[in-house]
There are 4 protein chains.
Amino acid sequence: MTIHADTPPVSSATGRPLTKRGQETRRRLLEAAEQVFADLGYHEASIVKITEHAGVALGTFYLYFDSKQSIFEALVIDLNSRVRHSMSEAMAGATNRIEAEGLGFEGFFRFTAEHPALYRVVREAEFVSPATLKLHYERIVDGYRAGLDAAQRDGEIAAELDTEVVAWALMGAGELIGMRYLLWERDAEGRPPAKIDPAVLAGMSGFIARALRPDTTEGTDR
Amino acid sequence: MTIHADTPPVSSATGRPLTKRGQETRRRLLEAAEQVFADLGYHEASIVKITEHAGVALGTFYLYFDSKQSIFEALVIDLNSRVRHSMSEAMAGATNRIEAEGLGFEGFFRFTAEHPALYRVVREAEFVSPATLKLHYERIVDGYRAGLDAAQRDGEIAAELDTEVVAWALMGAGELIGMRYLLWERDAEGRPPAKIDPAVLAGMSGFIARALRPDTTEGTDR
Amino acid sequence: MTIHADTPPVSSATGRPLTKRGQETRRRLLEAAEQVFADLGYHEASIVKITEHAGVALGTFYLYFDSKQSIFEALVIDLNSRVRHSMSEAMAGATNRIEAEGLGFEGFFRFTAEHPALYRVVREAEFVSPATLKLHYERIVDGYRAGLDAAQRDGEIAAELDTEVVAWALMGAGELIGMRYLLWERDAEGRPPAKIDPAVLAGMSGFIARALRPDTTEGTDR
Amino acid sequence: MTIHADTPPVSSATGRPLTKRGQETRRRLLEAAEQVFADLGYHEASIVKITEHAGVALGTFYLYFDSKQSIFEALVIDLNSRVRHSMSEAMAGATNRIEAEGLGFEGFFRFTAEHPALYRVVREAEFVSPATLKLHYERIVDGYRAGLDAAQRDGEIAAELDTEVVAWALMGAGELIGMRYLLWERDAEGRPPAKIDPAVLAGMSGFIARALRPDTTEGTDR
DNA sequence: AATGAATGAGAATTCATTCAT
DNA sequence: GATGAATGAATTCTCATTCAT
């Protein structure tokens, strides 16, 4: 579970650049935060728990982050860049847009299964840091939408679709499917599934394919 | 904003049946809680704020509810029954299933616009009371699914759809659309819209209609 | 060491009027605060120490005061009204203004000896609550000045004196004399004096009398 | 604002003599401390702020001073020697003792106007380092008193005055006048006065002159 | 000499819950 | 039924000081 930063100019809470040792400590705090937030949610998590998990003293936290909220925001942003990375990687092998959507969801679900923090943390962000939450969704939706727009231009999906609305709908669909079939699902021994049930993924992909496909017959769009 | 209980045998925290005066107090507490939770979210809300809003003394709260969590759960359940009522009412006028889905969403969005608490409160429930959250979603999804199953039997929607997966996807899609276009949207004066933008609703309905429509007669496409 | 309030409409931190029990608790907190601030100064004092001294729980403090600063301000104001009371009582028996000034100082020193908090607390107020400090000094100075003005009108003290400047000078003189000869003075056993050394008081009174006395001779000026 | 030390054998916290570079660093720390303490008071000041202001690293502080309290004491002592220097310089031109007192006050006020730190810092010393505070006052008072004693011997001031008490009284009077008319006074633009209002100085000098002047015999004054 | 990361005790403050009236 | 004073555990955050580099 490495934190690969979108934010290479890593700096402390006071804005100073960090020494190597400092960067290492900051990284440990972020990883601990991911774990703790994922396990307990934002409100049950505490800075004490994060620092204990990270193996540093309480005061050390404040060398790197201003507050619980600020590490939370850093984490959401980090997770966001990782999930998008995971999705675009998954979509790379697609031969057409509709297939790409399916693969994108697969990447999304894979990331979710491996990082349940994403869900928990993001959904709690609504009250904690609405702007960050918005940013998170918008970034994903923007990516979706760009793909849908391109596909529309190429005639691979129906021209009449409102790509923005569709992108938000797909985002929401994916989120709830992930919650239902990954976070809530338990096998016989009460363990969460390592990956999403292929049947569910197929059902989801089929649903999307049907919604997106261009209107039949001789001449398609508009 | 009346609380019309699904739970008519209203009783106090101690399990005793309530006098008329008691029922009135309980109702005022629930209404205050809806307001306060909607405004502040679960964690920022406090029992003092709820009782102040309700115009009763702090101690009175505990005559009616065991804890902060318990009034929260009561509220989620109440809201759930109200939103489902709102949706089925909206769907009543439909002439076919696909139209019904669109109308159902309209009802859902209308309720959301009028009761933003639903969103906020429900999404926070994940950590506060996961079982209640599950129950909330499952109740709605079950309704959806029953409709989809019936429609499938009647050939009004595609037979190959996995109705359970579709129901969860639609639930998620509706939730995020509502969040994006109702809760986050602001007009020029910074006021939230009273109802959802018809274009968005149309986009959403079209999206769903495309996804659900049966495959064209003689030869299914693709 | 009773707190006799200038502020009879005693109310809690939230502004509500208090029950009898509440008033009693508030009083105990103020008395404890006087003790603790006097012993330790503002910064070393802590709310825990105050509540322990008062024999109430930590949280109880916040039912009555917003913050450490707010109880401090309440205390300064209370002490101010008490010291002025003590001074005017002492001056009551005087047959002329110059004698009154001497007796006023005596009252001031007596109060200081009995309530060392006044000094300590007031002098620390400069950074903690400058407005309160100003108010404290101004109230005393205003009293002084009014007396001096009246005496001037009656020809009991020199007409050429700038009564405002003199009032501030006397206030400062009294303060430092009190500090030096009451707070810092220790007898053979290391105990503070119960009252000021009469010789010092005489020296001080003489000094003031000389400064204030009207210019000699036949006809007082103006 | 140079720190001209009374303590030429400057040494580090460990007692070692300092190199030239070390002396420079120490000086910068003291100057920064004067600024920071003056602006924020003792408790709000922090070592980080002092080192940042001085442009050195945090750890460097402890090469030169044992603790926050120790730099504070060094500063009080430095300020004390400077204010006394300023006063004796001002008194140098006097032709008699009573005039000298007036000029001394003028010097005191001038220093105060230029170095508001003196006040703020000294008055906070009561709890932080009582011994240092005592020392500060005693040094000034001793100077005063020596002058008064000499004047008494020469018959320039009244023989019956208790010079020690008078010296303390004058010290206190000067302090409060300075606080009131320099530190609290603000012109129309909210800026502090660069020097004391001449009318106040005259009022103060007159007050002192009256108090000190020898008793008439046949006809002394004016 | 200088640096700055790390420490951890201690401070203020909040709030769900209890209970005597 | 209703009240509201009291509780105290838990939380966030600060900062003087230490020490390895």
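In what follows, every chain begins at residue 1, and chains take the letters A, B, ... in the order their sequences are listed.
Nucleotide E:dG10 holds its C1' atom 13 Å from the CD atom of C:Glu52, rounded to whole Å. A:Phe72 has its CZ atom 14 Å from the P atom of F:dT12, to the nearest Å. For C:Phe65 and F:dA5, the CZ to C1' distance is 15 Å, given to the nearest whole Å. The interatomic distance linking C:Leu29 (CG) with F:dT7 (C1') rounds to 14 Å, in whole Å. Here E:dT14 presents its P atom at 15 Å from CG of B:Leu40, a figure rounded to the nearest Å.
Of the candidates E:dA1, F:dT3, F:dT7, the closest approach to any side-chain atom of D:Leu63 belongs to E:dA1. Residue B:Tyr64 places its side chain closer to F:dA2 than to any other of F:dA2, F:dT7, F:dA5.
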Stepwise, does the side chain to side chain contact (heavy atoms under 4.5 Å, CB included) test hold for D:Val121 with D:Tyr42? CA-CA 7 Å; D:Val121 142; D:Tyr42 182 80; over 6 Å; no

For the pair D:Gln69 and D:Glu73, evaluate side chain to side chain donor-acceptor pair (under 3.5 Å) and give the outcome as yes or no after the intermediate values. CA-CA 6 Å; D:Gln69 180 169 334; D:Glu73 288 170 359; 2.8 Å; yes

Show, in sequence, the C-alpha distance, side-chain angles and deciding distance for D:Glu24 and D:Arg27, and conclude whether the salt bridge (Lys or Arg N to Asp or Glu O under 4.0 Å) test is met. CA-CA 5 Å; D:Glu24 162 67 10; D:Arg27 196 186 51 73; 2.9 Å; yes

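The pairing partner recorded for E:dT21 is F:dA2, the criterion being a Watson-Crick or G-U wobble arrangement whose two distances lie under 3.5 angstrom.
For C:Arg120 and C:Phe37, the positive end is not near the middle of the six-membered ring at less than 6.0 Å and at most 45° from its axis.
Distance alone, capped at 3.5 Å, is enough to place a donor-acceptor pair between the D:Lys68 side chain and the D:Ala45 backbone.
Inspection of the B:His43 and B:Glu124 side chains reveals an N or O donor paired with an N or O acceptor under 3.5 Å.
Rounded to whole Å, the P atom of F:dT21 lies 22 Å from the corresponding atom of E:dA1.
Note on D:Thr25: every side-chain N or O is 4.0 Å or more away from OP1 and OP2 of E:dA1.
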Could you run down nucleotides 15-21 of chain F 5' to 3' and tag each one B, S or - for protein heavy-atom contact under 4.0 Å? -SBB---

